[in-house]
Amino acid sequence: MTINLFDDSSWASLRPLTFTRPVADLRVGILTIAEKWAKYLNADFGFVTQDYLSVKYPEKANPSLYINGSICPDEGLLEAIISLKAGEVLCKGDVLIAHHHDIDNRDLVTFNNEFQYNRDFVQIIYPEHIFANNPAEIRKDFELLTKGRTSAKISSTNQLLGEDIFFEEGAKAECSVLNSGYGPIYVGKNAEIWEGSLIRGSFALCDNSSIKMGAKIYSGTTIGPNSRAGGEINNSVIWGNSAKGHDGYLGNSVLGEWCNIGADTNNSNLKNNYAEVKLYDYESKNMRNTNLQFCGLIMADHSKSGINTMFNTGSIVGVSANVFGGGLPPTHIPDFSWGGANGFENYKLDKMFETTEKVFARKNIAFDQTEKEILTNVYELTTAHRQF
C-alpha cells in the first residue's frame, strides 16, 4: 500500500516547527506521525505539503489513501480508514481525516459519500500538543514496535523496575535505574544509557542516541535519533540530531533537529503566579493562551543557546536562532536572529550556511542544495517577524 499524508491548517499553527517539515514528519512518542501510519498500514508514504518542502518531502504517485498528517493513528481510526472505498471521505465535524481515491480515475474530484467518525483521536494542532500527548503516544508506539518481540539482553549492573523495558539490538546501559512502573521504556538500536542515569518511564531513546552520566529523566520524554542528552529532562521531546548534553533543566518542551543547548541552560515551565501560559502565534503575531499551567520552551530546527542561557516560561525560538548572554531574553525569539536579553540582530544566511555545513559534517551528512533552498525560503518567509 502507498499513502500520502497531507498538511491541513495545522501546518500554519505549528510554526516555527513546521517551517522545515510537513506536519506528518513531527515526532511525538517514539515515531514520527508518518512512521506511525506506515507501521499500522504496512505502507510506503509520501507527503502533500508546501511547495518549497516538496523536493525533500515528495508526494507518492498513485496512492489510494490520503490521510491528514496532523492525526495520530489508533486502532479505531485504522479500522475506519481501511474500510473506505474509492470516492469516500472520512471526517469528524469539519476536520478531514482521510479520503480514498479511485486509482483508476485520477481525475476524480468529487466524492460519493462522506462518513462522520464519532470517536476521539489525537490531533497535533499547536506546538504544545507534542509534549502534552507524548506520554500516551510513547505507550502506543511501544506496543506497536514491541508486540510479539523479545528485548535484547539488558546488563545486570542496572536496576530494573517493572516489566515494560525493551532494548533493541546493540542498545546498552550500565549501572542505571530504569523504572517502567509509570510507563514503558524503549531504547533503540545502538543507543546507550551511560552510568548513573535515573530514568522513569514513559521514555524513549531512539536509534544511535545516548544519555550521559548521572542524567535525571522524567516521564513523557523522547530523545530522537542521533542525539545526546544529559542533565534534568521532564516531559520533553528532542526530535533528532540535536544535543542537550550538559546539566540544566528542560521541561514541557520541544526541540527540533540540529539544535544545541549550551551547558547549564535552563527553561522555566511554570509562571510565578501559576497562571496559564501563553505562546507567540505566527498567524496572529500575538500571544495565544495554551490553557496549560506547565509549558516551557519550543525551539525550531538549527537553533542554539550559549552557556547559562535562561528561557522564560512559554518561550518560542524560531528556526536558526542563536541565543546567548545573561538575563532573560524575550519569549518570542525570531527566526534567523542572533543575540539575547540585550537585543538581537539579523543572522545572515551565508553565515548560517557556513555553520550548518560544519554541523552536518560532524554526522557525515551533506548540507546539500535542497537543504539550502528550504532554509532560504524560511528566511524569506520570516522577514516580517525580524524587526530589529
Nearest 0.5 Å please: distance from the [atom1] atom of [X] over to the [atom2] atom of [Y].
| X | Y | atom1 | atom2 | result |
| --- | --- | --- | --- | --- |
| I333 | R386 | CD1 | CZ | 14.0 Å |
| S70 | L14 | OG | CG | 8.0 Å |
| D335 | L381 | CG | CG | 9.5 Å |
| I223 | I211 | CD1 | CD1 | 5.0 Å |
| D207 | N226 | CG | CG | 8.0 Å |
| K244 | E232 | NZ | CD | 8.5 Å |

Checklist entry - Is the gap between the ring centers of F336 and H385 under 6.0 Å? => result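 When the ring centroids of F336 and H385 are compared, they turn out to be at least 6.0 Å apart.
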
Next on the checklist: Tell me if the aromatic rings of Y117 and F115 count as close, with their centers under 6.0 Å from one another.
Outcome noted: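 No, too far apart.
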
Checklist entry - Counting distance only, does the side-chain N/O of N289 pair as donor-acceptor with the main-chain N or O of K278 below 3.5 Å? => result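 Between the backbone of K278 and the side chain of N289 there is no qualifying donor-acceptor contact (under 3.5 Å).
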
Do we see a donor-acceptor contact under 3.5 Å between the side chains of [X] and [Y]?
| X | Y | result |
| --- | --- | --- |
| R228 | S210 | yes |
| T2 | D44 | no |
| Y66 | E59 | yes |

Item to check | Partner of D281 under side chain to side chain contact (heavy atoms under 4.5 Å, CB included), chosen from R288, R15, M287 | outcome: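 Among R288, R15, M287, the one that satisfies the side chain to side chain contact (heavy atoms under 4.5 Å, CB included) with D281 is R288.
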
Over 12 foreign heavy atoms within 6.0 Å of [atom1], [X]:
| X | atom1 | answer |
| --- | --- | --- |
| K363 | NZ | yes |
| N273 | CG | yes |
| I307 | CD1 | no |
| Q369 | CD | yes |
| E169 | CD | no |

Can a salt bridge be assigned to the pair [X] and [Y] using a cut-off of 4.0 Å between side-chain N and carboxylate O?
| X | Y | value |
| --- | --- | --- |
| R119 | D74 | no |
| D141 | K36 | yes |
| K85 | E88 | no |

Please examine the side chains of [Y] and [X], heavy atoms only from C-beta on, and report whether any two atoms are closer than 4.5 Å.
| X | Y | result |
| --- | --- | --- |
| Y280 | N286 | no |
| L17 | M299 | no |
| F19 | Y282 | yes |

Please give the remaining members of the hydrophobic cluster of [X], linking ILVMFWY side chains under 4.5 Å, ordered by chain and number.
| X | result |
| --- | --- |
| F294 | L270, Y274 |
| V277 | none |
| V55 | none |

Compile the donor-acceptor pairs under 3.5 Å between side chains in residues 181-190 and protein atoms, sequence neighbours left out, one pair per line.
residue	atom	partner	partner atom	Å
Y186	OH	E168	OE2	2.7

Next on the checklist: Checking ring pair (Phe, Tyr, Trp, His ring centres under 6.0 Å) between Y347 and each of F353, Y379, W338, which is the one that passes?
Outcome noted: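 The ring pair (Phe, Tyr, Trp, His ring centres under 6.0 Å) with Y347 is passed solely by W338 among F353, Y379, W338.
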
Item to check | side chain to side chain donor-acceptor pair (under 3.5 Å) partners of residues 311-334, not counting sequence neighbours, each pair once | outcome: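 Every side chain to side chain donor-acceptor pair (under 3.5 Å) pair that includes a residue of residues 311-334, provided the two are not neighbours, is S268-T313.
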
Checklist entry - Of all residues at least two apart in sequence or in a different chain, which pass the salt bridge (charged side-chain N to carboxylate O under 4.0 Å, His left out) check with K56? => result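 K56 satisfies salt bridge (charged side-chain N to carboxylate O under 4.0 Å, His left out) with E371 only.
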
Checklist entry - Using the ring of each side chain (for Trp, its six-membered ring), is Y40 parallel, tilted or perpendicular to W37, with breaks at 30° and 60°? => result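 The arrangement is tilted - the two ring planes meet at 30° to 60°.
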
